[in-house]
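Computed from a predicted model, the values in this text were never measured in an experiment. Order of listing sets the numbers, starting from 1, for every ligand and every atom in it.
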Amino acid sequence: MRFPESTKTVVIGAGTAGLSAAKALRQAGIETIVLEATGHAGGRCVTDASLFSTPFDLGGSWLHSASINPLARLVEKAGFALHKRPWTRSWVHILGSNLSSIEVQAFQAYEANMWKAISIAGEKEHDCSTQSVMPRGEWSSTAEHIIPQMLAGDANVTSAKDVHNYANADGDWLVEGGLGAFVKSLHTDVPVCYNCPVLKVDYTKANIQISTQNGTLRTQQVISTVSTGVLGSEIIKFHPPLPNEKTAAINVLPCGVLNKVGIEFYPKWTEATQGQMADYHSSNNEFCSLLFGFYNTSLATGFVAGKFADDLEVEGKGAATDYCIQGLRATFGNDVIKYISHTHETSWRGNVYTNGAYSYAKPGSASARTILAEPLDERIFFAGEATMKDAYSTVHGAYLSGKRAARQAIMALSLKNAQSY
Ligand SMILES: Cc1cc2nc3c(=O)[nH]c(=O)nc-3n(C[C@H](O)[C@H](O)[C@H](O)COP(=O)(O)OP(=O)(O)OC[C@H]3O[C@@H](n4cnc5c(N)ncnc54)[C@H](O)[C@@H]3O)c2cc1C
């Protein structure tokens, strides 16, 4: 679309939060445009249909807490095929040995207890690290590597209270065709200026000036939906600078890393099906989870997370894939590689417009999400997964945060209009 000179409201970022905010504003009759740095909508929830024989979500794919997830209701209503089968471990390899099936069950039971213990501690105690409140036992030194798989930050740097605050409910559903494709389809009427990175937000005057690579535009309000990784990297300059409490909140809610390695098998490999998982722990913090049979096809996904995922990105392209293939060989034997047709790995840290996968709260910092969400000067509003105390790190959290920021912006405009009479 053509770059305008002015508009009532500007939304920065066409991820889930930005799209949902812009849609709500336009439904309220408020002239709004979205400025998006990249050439596509969806941000961290994006489907690529070109990589494998089935569409692949590079970022968010599950509708978590489906029983209370507003997007899950919409997907069901739209009649998309959903895959609701829960995922359980069938294989666990720890430091050179594959566990027996009884041991795998014990490991799985330990994991459930671990999350329960973290959540209980988060409710009762001062805000400590998830690692410090894990029950110690035979499986703890491996199971702590499951924490970054969920939170994107390692056990020693993530807050137990943040885990307690998360609204966990039944159901993790996959959308056939991709969650990214579904979110995009909900927002086709939202006007987006693509390839238009915002460089500066100057809110010194009554009209806010937004500087972009494509020019400058004036607006009354801004909704920022960029990740805390982007806010922390300061590629968008705020003038005057964001207040100290805001920058402090950004610093204690950094973007951790979760990377995916898509692995497509030839259909004749039939050792694992949808819902089955393998964990592979080779040494210290080196760990991956492998999930099989996405959408009942031969597509598997390996996950690497936390500092290990960052280290693999630094090592270079292919390092995460090599590690996941090492895990497959240890679990199924060397012959498994003959059945791999192709692979694709993500590198969310290297993406300057996300600078990581999603936010985690450092110990002592669970309350920072509420501070990050607070409007500034009743003209600058903040949305995005990191601003959601009970639904951070999710697509539905981003969606709800966009709606919340839109409501705040609409309210501020109507107050302003009432005062000008
Ligand atoms: C590997 C991975 C797996 C995940 N799995 C799940 C899952 O299964 N289920 C789930 O619910 N969630 C999952 N998530 C998390 C989920 O994808 C995110 O929480 C959600 O998509 C974040 O949306 P957002 O709108 O807050 O941010 P974003 O999607 O990051 O949107 C922000 C947008 O701002 C743009 N932008 C950045 N800088 C600028 C700038 N200067 N100017 C203009 N635009 C800019 C970005 O390009 C982006 O499009 C996963 C994430 C990853 C990375």
Which ligand 1 atoms are under 4.0 Å away from a heavy-atom of [X]?
X      : result
Cys45  : 21 (O)
Thr16  : 25 (O)
Pro197 : 42 (N)

Fill in: Asn259 N/O under 3.5 Å from ligand 1 N/O
no
Considering only protein heavy atoms, which is closest to [atom], and at what distance to one decimal place?
atom                    : value
atom 47 (O) of ligand 1 : Glu36 OE2, 2.7 Å
atom 51 (C) of ligand 1 : Tyr358 CD2, 3.5 Å
atom 15 (C) of ligand 1 : Ser393 O, 3.3 Å
atom 53 (C) of ligand 1 : Ala357 CB, 3.4 Å
atom 44 (N) of ligand 1 : Ala37 N, 3.1 Å

Touching ligand 1 at all, [X]? Heavy atoms, strictly under 4.0 Å?
X      : answer
Leu58  : yes
Gly42  : yes
Val230 : yes
Ser227 : no

Discussion item. Do Thr343 and Glu264 make a side-chain contact, defined as non-hydrogen atoms from C-beta onward lying under 4.5 Å apart?
Written reply: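 Answer no - side chains too far apart.
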Side-chain donor-acceptor pair under 3.5 Å between [X] and [Y], yes or no?
X      : Y      : value
Ser50  : Asp48  : yes
Glu313 : Asn259 : yes
Ser359 : Glu385 : yes
His64  : Thr394 : no

Discussion item. Is the distance from the ring center of Tyr339 to that of Phe332 below 6.0 Å?
Written reply: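 Centroid distance Tyr339-Phe332: not below 6.0 Å, so no.
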Discussion item. Check for me whether the distance between the ring centres of Phe287 and Tyr280 falls short of 6.0 Å.
Written reply: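 No.
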Worksheet item: Does NZ or CZ of Lys246 lie under 6.0 Å from the centre of the six-membered ring of Phe382, at an angle within 45° of the ring axis?
Response: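 Yes, a cation-pi geometry holds between Lys246 and Phe382.
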Worksheet item: Can Lys260 be said to sit on top of Phe56's aromatic six-ring, NZ or CZ under 6.0 Å from centre and within 45° of the ring axis?
Response: yes
Worksheet item: Counting heavy atoms only, which of Arg349, Met150, Arg44 is nearest atom 21 (O) of ligand 1?
Response: Arg44
Fill in: Minimum non-hydrogen distance to atom 23 (O) of ligand 1, winning option of Gly18, Ser233, Ala398
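Closest candidate by heavy-atom distance is Ala398.
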Worksheet item: Say you draw a straight line from CG of Leu199 to CD1 of Ile235; how long is it, rounded to the nearest 0.5 Å?
Response: 8.5 Å
